[in-house]
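Working notes, structure below.
So you know, we letter chains A, B, ... as the sequences are listed, proteins then strands, and number each from 1.
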There are 2 protein chains.
Amino acid sequence: MMRTSGKPTRERIVDAASKLFYGEGIRAVSVDAVAEKSGLTKRTLYYHFQSKDELIAAYLDGRDQPNLALFQRWFSEAEGGIDQKIRAIFQNLAEAARHPRWKGCGYLRTAAELADMPGHPAIKTGIAHKKRVEVWLASAFAAEGVRSPELLARQIILLLDGCFAVVLLNRDASYMETAGEAAATLVKSALAQTGRENR
Amino acid sequence: MMRTSGKPTRERIVDAASKLFYGEGIRAVSVDAVAEKSGLTKRTLYYHFQSKDELIAAYLDGRDQPNLALFQRWFSEAEGGIDQKIRAIFQNLAEAARHPRWKGCGYLRTAAELADMPGHPAIKTGIAHKKRVEVWLASAFAAEGVRSPELLARQIILLLDGCFAVVLLNRDASYMETAGEAAATLVKSALAQTGRENR
DNA sequence: CCAATTACACTCACTAGTCGGTATACTTTC
DNA sequence: GAAAGTATACCGACTAGTGAGTGTAATTGG
């Protein structure tokens, strides 16, 4: 083992790949660039990963858990009824999107870049991630007694990915706040159908 | 002039570029491939376009008017109140998305591929296109007496682009129908605030 | 003559992936 | 306990091919 830094080599490669792939796009970043950024040779990179595709999949795998955890934190730390907690997710997202290095959702951008390879492992990872967010949302809505929590979760996901896409295009983060209002409206509308009031 | 077909050369190039860029992605398609598909030499292509970037912009320019017209047709041909007319757009979109060659929204995919070049002419074209759809929606809502037509139009745009993004990822066109329901809910909610009922 | 087009050779930078070899450390064997 | 083997981690140099874009002389049709 010739590592000088504390992090294991594989992790260093994935870190470098994440920054580059997210920042510039998958097809725009060469394997050479990832190797250079991680301070290793390309030969070493190919010792740890069989192909660029495998590296892409590893990049997205590494974002799954942290991303979901962030949403859950924003949700649980927010005050007010569930409609306000959902809205808080969008507000936090708007703040993040105003950072100059923000470049949309890595999963959606990867799906866009690999639109002609629907079976690519990275796409499957993306589908699984979005599904996890959706299932978590549905369970939160079910706990509030919403009649069709799965349906409402899908609607929120659509607004979530919608604001990712729109803001990536026009760089106007206020659309995220608009999406948050729409989400709150949908939640309240679903709650009204249960016969109870939101706080 | 050595044209064999009726179409002017420039148009033939843009047609070929459209099919390839939309089908496989901008960065995945080479200028050589576009030249071959249009049955012309690369040298001729560069006689009509200064660069690949210019060709990309032309590709998106060509989709602006027809795309908006399609939305408008779906809207005007639908029966029922404005909430049902909006929903009809999503239903037609779902049908289109079930076609195997459907690959999402060309503008959003381009924005994803060129995320690190926010000033690119193709991105500007995309922003202008989405704005035109938004303005058209707002005018339709204003005609119905909605209190904040611009706000509602933005919310619908978010659902529209949301289902483009989501369905591109998971290839489940039923999300478009879910988006249509959400859109109808938002429209009805906005109409209720004006004090009148939907038909 | 002139605009449009072709053929095609060419540049130069970059691309994914590979070949052969090295340094270190742990394990086996006599 | 020294020698030989084995596994892990690493690298410099390379291949074979592709990328956008150009130079230039020859050709075609109005």
Closest to side chain of A:Leu40, choosing from D:dA20, D:dC11, C:dT6 = D:dC11
Look only at the side chain of A:Ser189 and the backbone of A:Thr185, and say whether a donor-acceptor pair between them is shorter than 3.5 Å.
-> no
Step by step, work out the ring pair (Phe, Tyr, Trp, His ring centres under 6.0 Å) result for B:Phe75 and B:Trp136.
-> CA-CA 11 Å; B:Phe75 179 87; B:Trp136 164 65; 5.3 Å; yes
Assess whether one donor atom and one acceptor atom, taken from the side chain of A:Lys42 and the base of C:dG17, lie less than 3.5 Å apart.
-> yes
Mind checking B:Val29 for me? I need base, sugar-phosphate or nothing, with any heavy atom below 4.0 Å counting as a touch.
-> sugar-phosphate
So does A:Ser51 get a side-chain nitrogen or oxygen closer than 4.0 Å to the phosphate oxygens (OP1/OP2) of C:dG17?
-> no
To the nearest Å, give me how far apart NZ (A:Lys52) and P (C:dC14) are.
-> 14 Å
Please report, rounded to the nearest Å, how far the P atom of D:dT28 is from the OH atom of B:Tyr47.
-> 18 Å
Report the distance from atom CG of A:Asp32 to atom P of D:dC11, rounded to the nearest whole Å.
-> 14 Å
Between B:Thr9 and C:dT5, is there a side-chain N or O to OP1/OP2 distance below 4.0 Å?
-> yes
From D:dC11, C:dA16, D:dT22, nucleotide with atom closest to B:Tyr46 side chain | D:dT22
Counting side-chain heavy atoms from C-beta on, which of C:dA16, D:dG21, D:dG23 comes nearest to B:Arg43?
-> D:dG23
Answer yes when A:Arg98 and A:Glu177 have at least one side-chain N-carboxylate O distance shorter than 4.0 Å, and no when they do not.
-> yes
At under 4.0 Å, does any side-chain N or O of B:Thr44 touch on OP1 or OP2 of C:dT6?
-> yes
Under a single-linkage definition using a 4.5 Å side-chain heavy-atom cutoff for Ile, Leu, Val, Met, Phe, Trp and Tyr, are A:Tyr47 and A:Val14 assigned to the same hydrophobic cluster?
-> no
Spacing between B:Glu36 atom CD and D:dG19 atom P, to the nearest angstrom | 11 Å
Does a side-chain N or O from A:His48 land closer than 4.0 Å to OP1 or OP2 of D:dT8, or not?
-> no
Phosphate oxygens OP1/OP2 of D:dG19: is one of them under 4.0 Å from a side-chain N or O of B:Ser30?
-> yes
Using atom CG of A:Leu20 as one end and atom P of C:dT15 as the other, report the distance to the nearest whole Å.
-> 12 Å
In the single-linkage hydrophobic clustering (I, L, V, M, F, W, Y; side-chain heavy atoms under 4.5 Å), do B:Leu70 and B:Tyr107 co-cluster?
-> yes
